[in-house]
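Side chains are part of it too, since the values below use all heavy atoms of this structure and drop only hydrogens, waters and symmetry mates.
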Amino acid sequence: MTRRRRRLSLSSLWLLILLVAPAIRADTPAAPPAAAPPSLSRLTALADHGHFDQVILALKARPQVLEDDSQARSLLQELELLKTHEAAATAQRHAEFSKAMAKMARDAQAHKIDDAMLALLDAHSLADDPASLMSEPAVKDLMARTAQRAAQAEKTGDWLEALSLYRELDMLFDYDSPYRTPMRLCERRVRLLRMYDPTELMRLYRLRAQRLASAAGKKGATTQPLEPVLGSETWQQQLTGVDLTTFEQAMSLAAHRHVSGGGYKPVLLGAINALQAVAETTALSQTFAGLRDHAKVALFDQALAKLQQQVTNMAEPSAVDAASVEDQIVSSNNATVDLPQAVLAYEMTDGALSNLDDFSNMFWPREMEELRRTTQGRFGGVGILLSQKRAGGQVRLMVVSPLRDSPALKAGIRPGDLIAAVDGVSTDGWSLDQAVRTITGPEGSTVTLGIERTGVSHILNFSLKRAIINIDSIKGWELKPDGSWSYIIDPVNRIGYVRLTQFIPQTADDLDHAVHEMQRTGGLNGLILDLRYDPGGLLPSAIQVANRFLRHGVIVSTVDADHKVREEWRARPDKCYGDFPLIVLVNEGSASASEIVSGALQAHGRALIVGVRSFGKGSVQDLFPMPPGSFDPKCYLKLTTQYYCLPNGRIIHRMPDSKTWGIEPDVVVKMTPQQEENCALFRQDVDILRDPPTPAATTQPVPTAQAILTKGIDPQLETALAILKTRLVSQQIALAQRAVPAGAP
């Protein structure tokens with residue numbers, strides 16, 4: 001997750017206005033009469049624009065309607081609660097902004113640059129006017145000092161320090177960040193250390209933690225958790241199956257099939273730049289003996305610089321030119337630093353593809369299982385949701401929840417259990433990725449988890465037989481005791497709630513089950529489709545989901561760099577549900593397939609979109625088997641080949657120079673980073689599959705989904721529900737008024 005961003009408060013400005021404003025004279029002209037309350041016929045339109053204060057005014061002006069209609073009374077109470085939550089959140093945001101700005105000033109004056117930057121990021125995310133905040137002299141001075149320190153860290157080879165500082169600076173910009181290029185360079189250097197010399201990277205983490213602790217005046221303390229980077233796999237194991245032949249094949253495909261149409265030039269330049277980063281990262285000399293000879297490193301660097309200039313001067317490099325450049329790189333490497341061929345192939349491939357866009361990459365042999373798990377939505381495992389928790393000065397693997405009908409649940413694994421060992425091997429320092437790779441495996445095979453449990457003094461060993469685990473891409477409002485979902489968020493008005501976490505092959509079928517279950521058990525008068533934090537997935541699944549709500553018209557099309565339509569997908573009326581009201585929730589974490597669905601529904605006027613602007617990932621990636629044409633590929637090239645285009649003709653993708661992208665909500669409801677974090681943690685607690693309570697158990701109260709609404713934990717969801725309820729009450733009122741006989745009082 002990115003650092004928290006907050007928005008600016010005007011509280012100080014209002015205080016100044018109050019101090020200098022003249023006293024109001026007794027003969028001040030009376031205020032004009034209040035405008036007439038809105039008509040009841042406008043309730044839906046007002047709610048659809050988020051004008052709930054006007055809806056409240058309209059209802060309060062009709063006491064007879066409130067007396068006759070219990071649903072109208074209930075709606076009024078809930079809207080007033082919503083406004084109370086909004087006011088409390090606004091006051092809290094203003095207070096947090098003032099606190100963050102004061103902290104930034106104190107820390108900057110005390111030369112605590114890291115703490116001052118974090119405070120600035122907090123203030124920026126809370127700012128009513130971030131642009132004005134960025135122009136403040138104190139803010140500009142802090143940014144200049146931070147950039148200077150980052151540049152100094154680069155010079156000394158402290159890539160982690162430089163990356164941390166450049167990232168903080170980059171987060172202050174939505175686009176046109178002047179720190180993007182140095183940040184990307186530092187990201188590459190840190191990745192090199194992570195793969196080839198994780199011990200050095202851990203050393204840099206500890207140095208940074210010590211600096212932060214020293215600046216905070218807490219000897220031996222740390223103000224940030226150490227990221228676990230030491231895994232059981234060596235770089236040789238990670239690069240199993242990586243070779244130059246695959247690089248050559250990938251380079252050819254990228255040159256001819258990438259959406260940019262740039263040919264070989266960007267591919268070759270990216271490959272050369274990547275090797276330059278390897279040669280210039282001096283810490284790697286601990287791993288590669290050839291990098292210890294400074295003279296040979298200089299010769300290799302010179303050869304790369306010469307090739308870089310040659311490629312730059314070429315108008316349109318051909319396949320022959322590309323092969324020649326590769327041959328010269330290999331020959332120069334063999335004569336100087338002598339990096340292993342697998343390292344050459346891996347780094348050149350990574351550099352070539354990352355120079356094209358952020359979403360093209362290679363799935364090498366060691367990553368094929370991850371690809372299958374992502375695209376198929378099923379894998380062999382034990383069925384647990386994992387997270388990381390800091391305990392006893394270490395980052396530990398914690399069970400968030402066992403999954404329904406899983407081996408872990410049946411064996412007695414509980415939420416909060418710490419996984420201390422896997423098959424007898426300590427998990428100290430393991431990343432989540434390493435834990436997933438190790439715990440998952442073929443169906444029917446066995447894995448033993450060593451569990452630390454609160455209240456138990458010894459390690460509990462669970463021997464689990466792996467089974468096929470189906471990923472739930474559809475979740476509901478609240479878990480039932482049997483582990484299935486309840487999808488009704490409002491039983492009285494029969495409003496449903498469905499969360500889509502990703503688009504996998506079974507997503508549309510699972511959505512069908514949820515909708516049919518709601519219709520079967522009492523009907524469905526409205527639905528909230530929650531696509532927040534949905535990173536996307538498979539295009540066919542997105543089309544199927546969108547078709548469930550659209551009878552006719554284009555759902556999405558793909559276009560090339562010249563905006564020429566390549567493919568088009570249209571809705572089929574036989575796949576569509578009924579025309580119940582629909583609201584879609586999106587945020588910055590909604591990307592790709594979730595943007596296709598929300599954008600299509602918005603373009604056709606089928607759904608109202610609530611939240612904040614989505615991520616803007618509207619590019620099409622195709623998977624190419626390697627070797628090309630293979631029926632049993634050893635790896636896959638994922639390459640961006642087209643852009644998604646909405647039915648209204650707009651491209652979703654966020655281009656490097658674009659100022660508009662993604663899906664813009666019809667009703668904007670912003671949440672502070674703290675609100676988002678609180679909401680996510682509370683939702684996580686609600687979604688835990690727990691053992692049935694026993695009469696003798698003395699446990700804390702179990703969090704309920706309803707508290708998300710009553711406590712104002714999720715203002716975006718609360719707003720969506722208020723809109724749907726207003727629509728339904730408006731319809732009821734209209735029907736009741738039409739039913740009144742002519743001449744009736």
Pairwise distance [atom1]([X]) to [atom2]([Y]) - rounded to 0.5 angstrom:
X: Leu646; Y: His604; atom1: CG; atom2: NE2; result: 9.5 Å
X: Asn525; Y: Lys725; atom1: CG; atom2: NZ; result: 12.5 Å
X: Thr719; Y: Leu608; atom1: OG1; atom2: CG; result: 11.0 Å
X: Leu585; Y: Leu500; atom1: CG; atom2: CG; result: 11.5 Å
X: Leu353; Y: Leu639; atom1: CG; atom2: CG; result: 7.0 Å
X: Leu709; Y: Glu78; atom1: CG; atom2: CD; result: 8.0 Å

Does either side chain, that of [X] or that of [Y], offer a donor lying less than 3.5 Å from an acceptor on the other one?
X: Gln602; Y: Ser598; value: no
X: Ser619; Y: Gln621; value: yes
X: Gln716; Y: Asn587; value: no
X: Glu478; Y: Ser486; value: no
X: Thr501; Y: Ser473; value: no
X: Arg188; Y: Ser354; value: yes
X: Asp510; Y: Thr507; value: no
X: Ser590; Y: Asp534; value: no

Are [X] and [Y] close enough for a salt bridge, meaning some N to O gap below 4.0 Å?
X: Asp714; Y: Arg532; value: yes
X: Arg93; Y: Asp128; value: yes
X: Arg613; Y: Glu588; value: no
X: Asp490; Y: Arg494; value: no
X: Lys83; Y: Glu86; value: yes
X: Lys99; Y: Asp122; value: no
X: Arg42; Y: Asp48; value: no

Any donor-acceptor pair under 3.5 Å linking the side chain of [X] with the backbone of [Y]?
X: His516; Y: Leu511; value: no
X: Gln675; Y: Thr672; value: yes
X: His653; Y: Gly618; value: yes
X: Thr146; Y: Leu142; value: yes
X: Gln731; Y: Leu728; value: no
X: Asp472; Y: Lys475; value: no
X: Ser135; Y: Ser132; value: yes
X: Ser98; Y: His94; value: yes
X: Glu568; Y: Val554; value: no
X: Asn547; Y: Ile543; value: no

Residue pair [X] / [Y], side-chain heavy-atom distance below 4.5 Å:
X: Leu172; Y: Met117; result: yes
X: Ile495; Y: Leu527; result: no
X: Val584; Y: Asp530; result: no
X: Met671; Y: Pro715; result: yes
X: Thr704; Y: Val686; result: no
X: Thr558; Y: Trp569; result: yes
X: Cys645; Y: Arg650; result: no
X: Lys638; Y: Phe624; result: no

key: Residue among Leu75, Ile723, Leu46, Leu57 satisfying side chain to side chain contact (heavy atoms under 4.5 Å, CB included) with Phe52   = Ile723
Quick one: closest heavy-atom pair of [X] and [Y], and the distance?
X: Tyr497; Y: Met518; answer: N-SD, 4.4 Å
X: Ala254; Y: Leu356; answer: CB-CD1, 3.8 Å
X: Trp661; Y: Gly616; answer: CD1-CA, 3.8 Å
X: Met104; Y: Ala116; answer: CG-O, 3.5 Å
X: Pro581; Y: Leu724; answer: CB-CD2, 3.7 Å
X: Ala58; Y: Leu43; answer: CB-CD2, 3.8 Å

key: Residues Ile708, Arg683; criterion side chain to side chain contact (heavy atoms under 4.5 Å, CB included); working and verdict   = CA-CA 8 Å; Ile708 295 174; Arg683 182 79 252 185; 3.8 Å; yes
Can you confirm whether more than 12 heavy atoms, excluding those of [X], are under 6.0 Å from its [atom1] atom?
X: Arg180; atom1: CZ; answer: yes
X: Arg62; atom1: CZ; answer: yes
X: His49; atom1: NE2; answer: no

request  = Could you walk me through whether Asp687 and Trp485 pass side chain to side chain contact (heavy atoms under 4.5 Å, CB included), step by step?
outcome  = CA-CA 10 Å; Asp687 290 350; Trp485 287 101; 3.5 Å; yes
Arg499 to Trp477 six-membered ring, cation-pi geometry met (6.0 Å, 45°) = no
message = Cation-pi check for Phe580 against Arg606: NZ or CZ below 6.0 Å from the six-membered ring centre and within 45 degrees of the axis, yes or no?
response = yes
key: Trace of the salt bridge (charged side-chain N to carboxylate O under 4.0 Å, His left out) decision for Asp512 with Lys575   = CA-CA 10 Å; Asp512 288 343; Lys575 297 292 184 180; over 6 Å; no
request  = Could you walk me through whether Met183 and Leu163 pass the side chain to side chain contact (heavy atoms under 4.5 Å, CB included) test, one step at a time?
outcome  = CA-CA 6 Å; Met183 181 188 73; Leu163 175 59; 4.0 Å; yes
ask   = Do the ring centers of Tyr577 and Phe549 come within less than 6.0 Å of each other?
value = yes
task = Under the salt bridge (charged side-chain N to carboxylate O under 4.0 Å, His left out) rule, what do Arg572 and Asp574 come out as? Steps first, then yes or no, please.
result = CA-CA 6 Å; Arg572 293 171 47 188; Asp574 60 306; 2.9 Å; yes
